[in-house]
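Note that this is a predicted model, so its numbers are computed, not measured.
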Amino acid sequence: MDTEPLLAGSPDRYTSSVASSSTADFGEAEEFLRQFHAEQPRRPVPFTERLGQVVAEIDATGTYRHTSEELAFGARVAWRNSSRCIGRAYWNSLRVVDRRDVTTPEEIHRHLCDHLRQATNAGRIRPVISIFAPDTPGRPAARVWNAQLIKYAGYRQQDGTVLGDAASLDFTDVVRKLGWQAPQGPFDVLPLVIEAAGDKPQVFELPSDLIRQVPITHPDHPQIADLALRWYAVPAISNMRLRIGGIDYPLAPFNGWYMGTEIGARNLVDEDRFNLLPTVAECLGLDTSSETTLWRDRALVELNVAVLHSFTAAGVTISDHHTESRLFLSHLAREERNGRTVSADWSWIVPPISGGITPVFHRYYDQIEQRPNFYLDDEARARSLGQCPHTH
Ligand code: ARG
């Protein structure tokens, strides 16, 4: 193998390689391999030799195949580099499941089910990523149209109000047009829409025994249970593209466990989600006659108490924003001791309740783009919103 040209002397390749979107970028490949070999020393194949292999492979085929070690490292570092995520302390323990050889929608469905099984782990949630085949020249990768593997449907009703998750209104229409028989309840788990390599999308139900859900109860206000609220155990993002060393993996669903505020301060509360604050306030008998009673804030805190209490009582992993904030700052300090910069987006890191009483509030963060990373591109966003050519 010719290991001579170390790319630095051939800048023309960097530009020519980005002309076609699915041709692997030499510059990014080299940058990634360099990082991999620096952080994971004592590889069986030295850096220069591996780079030579990859360059030859890209020259011959327009792309290259990551070794399983590169893939696992790349996925973990992509998490480490996710500037919006407060829960990155465990980046190095991410379970990486290599599904690059899976192609048919049926097999993809089976492995997505398996992902949920591994992630749910009877309630002791494990962070998992399943990585399916990447985009390659002339062959687009499979995709899942859902924004998350598990998410609730949303329905516009006759009177203009929304039943279920308003964030899912458009996507729910899409799956209904694809033939899904909607139960039309407030917490209907959407089926998966799987689009294999350039084919028409297919709809698959998730077996209900794989969808762990938690009924919401409150330790001191039993009437909260009468609202019949619930949330699912595993947040598994399925519409972000994982990019490692110039290779795009558009289907690489990943999950962690919930931080309570995601559910108790956003999903159940945002006006364009379940919009439940007035309902919760009424249930608690709060005085809603004036903003100055702070009924919204009081309802919000009690709902968050209920979420944390319910998950814990059900034996499902969840964490609170105080603990996560402290963990994030120790992660940041540890990364800095290791000579690395932690990029963070303040507006995403600071929790949506009690910001100022968490330590992450009281400082600024570096914000730089670091690779590998996860990206939400317009194409994926359009599919999740139901704006795809196949259905319009
Ligand atoms: N915020 C999203 C949700 O509420 C999930 C994002 C990922 N969250 C996580 N804890 N890993 O569904």
Side-chain angles (χ1 to χ4, degrees), residues 28 31-43 47 69-96 119 121 124-129 234-237 240 242-245 252 254-266 304 307-308 311-312 316-376:
E28 271 189 60
E31 170 195 280
F32 169 67
L33 293 173
R34 203 178 278 288
Q35 182 184 20
F36 174 64
H37 284 261
E39 286 193 41
Q40 314 259 287
R42 293 185 297 281
R43 307 307 314 163
F47 165 69
E69 292 78 18
E70 288 162 2
L71 191 71
F73 174 79
R76 292 179 179 137
V77 174
W79 182 11
R80 187 176 85 197
N81 288 341
S82 296
S83 54
R84 295 173 164 185
C85 177
I86 194 174
R88 285 177 271 168
Y90 302 108
W91 67 273
N92 207 13
S93 64
L94 176 66
R95 220 181 226 246
V96 181
N121 189 30
R124 291 177 52 100
I125 310 294
R126 286 190 285 232
V128 180
I129 184 166
V234 177
I237 306 294
M240 292 186 83
L242 167 62
R243 186 171 170 90
I244 303 172
F254 59 87
N255 74 277
W257 53 77
Y258 266 115
M259 178 164 87
T261 55
E262 296 182 85
I263 303 165
R266 303 296 311 278
N304 279 275
V307 167
L308 291 169
F311 271 63
T312 306
V316 174
T317 312
I318 193 155
S319 74
D320 67 85
H321 48 294
H322 301 287
T323 306
E324 284 303 319
S325 295
R326 267 188 275 108
L327 259 171
F328 179 71
L329 290 185
S330 15
H331 162 69
L332 197 148
R334 186 174 54 231
E335 285 296 295
E336 283 179 349
R337 281 198 301 278
N338 288 329
R340 294 192 288 258
T341 303
V342 173
S343 176
D345 180 340
W346 191 98
S347 69
W348 277 68
I349 296 295
V350 172
I353 57 170
S354 309
I357 54 169
T358 66
V360 291
F361 180 95
H362 300 275
R363 50 162 295 164
Y364 293 113
Y365 302 94
D366 290 307
Q367 228 186 316
I368 46 175
E369 201 200 309
Q370 292 167 312
R371 288 187 290 244
N373 218 315
F374 294 100
Y375 301 88
L376 189 58

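Thr312 and Leu308 get closest at one heavy-atom pair: OG1-O, 2.7 Å. Closest approach of Thr358 to Pro351, counting heavy atoms only: OG1-CD, 3.6 Å. Between Asn373 and Ser82, the shortest heavy-atom contact is OD1-OG, 3.7 Å. Nearest approach of Gly355 to Val350, heavy atoms of both residues: CA-CG1, 3.8 Å. Between Ile353 and Ala265, the closest heavy-atom pair is CG2-CB, 3.8 Å. Residues Leu242 and Ala252 approach most closely at CB-CB, 4.0 Å, considering heavy atoms.
Scanning for side chain to side chain contact (heavy atoms under 4.5 Å, CB included) contacts around Tyr90 gives Trp79, Ser93, Trp257, Leu327, with sequence neighbours left out. Scored by the side chain to side chain contact (heavy atoms under 4.5 Å, CB included) test, Thr341 finds Asp366, Ile368, Gln370 as partners (sequence neighbours excluded). For the salt bridge (charged side-chain N to carboxylate O under 4.0 Å, His left out) test, residues two or more places apart in sequence or in another chain that qualify with Glu70 are Arg50. Shown here are the side chain to side chain contact (heavy atoms under 4.5 Å, CB included) partners of Glu336, two or more places apart in sequence or in another chain: Leu332. Glu31 is linked by a side chain to side chain contact (heavy atoms under 4.5 Å, CB included) to Arg371, counting only residues two or more places apart in sequence or in another chain. With sequence neighbours left out, Arg80 forms a salt bridge (charged side-chain N to carboxylate O under 4.0 Å, His left out) with Glu39, Glu335.
From Thr261, atom OG1 reaches atom NE2 of His321 across 6.5 Å, with rounding to the nearest 0.5 Å. Note: Leu71 CG to Phe36 CZ = 10.0 Å, rounded to the nearest 0.5 Å. Arg88 contributes atom CZ, which lies 5.0 Å from atom CD1 of Ile349 (distance to the nearest 0.5 angstrom). Note: Ile244 CD1 to Leu33 CG = 11.0 Å, rounded to the nearest 0.5 Å. Atom CD in Gln367 sits 8.5 Å away from atom CZ in Arg84 (nearest 0.5 Å). Here the straight-line distance linking atom OG1 of Thr323 with atom CD1 of Ile318 works out to 11.5 Å at 0.5 Å rounding.
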request  = Show your reasoning for whether side-chain contact (heavy atoms from CB on, under 4.5 Å) applies to Phe374 and Ile129.
outcome  = CA-CA 12 Å; Phe374 294 100; Ile129 184 166; 3.8 Å; yes
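By the neighbour-count criterion of 12 heavy atoms within 6.0 Å, atom CH2 of Trp346 is densely surrounded, having more than that number from other residues, nucleotides or ligands. The environment of CZ in Arg363 is crowded: more than 12 heavy-atom neighbours from other residues, nucleotides or ligands sit within 6.0 Å.
Aromatic ring orientation, Phe328 versus His331: tilted (interplanar angle from 30° to 60°). Using a 30° and 60° split on the angle between ring planes, Phe73 and Phe32 fall in the tilted class, from 30° to 60°.
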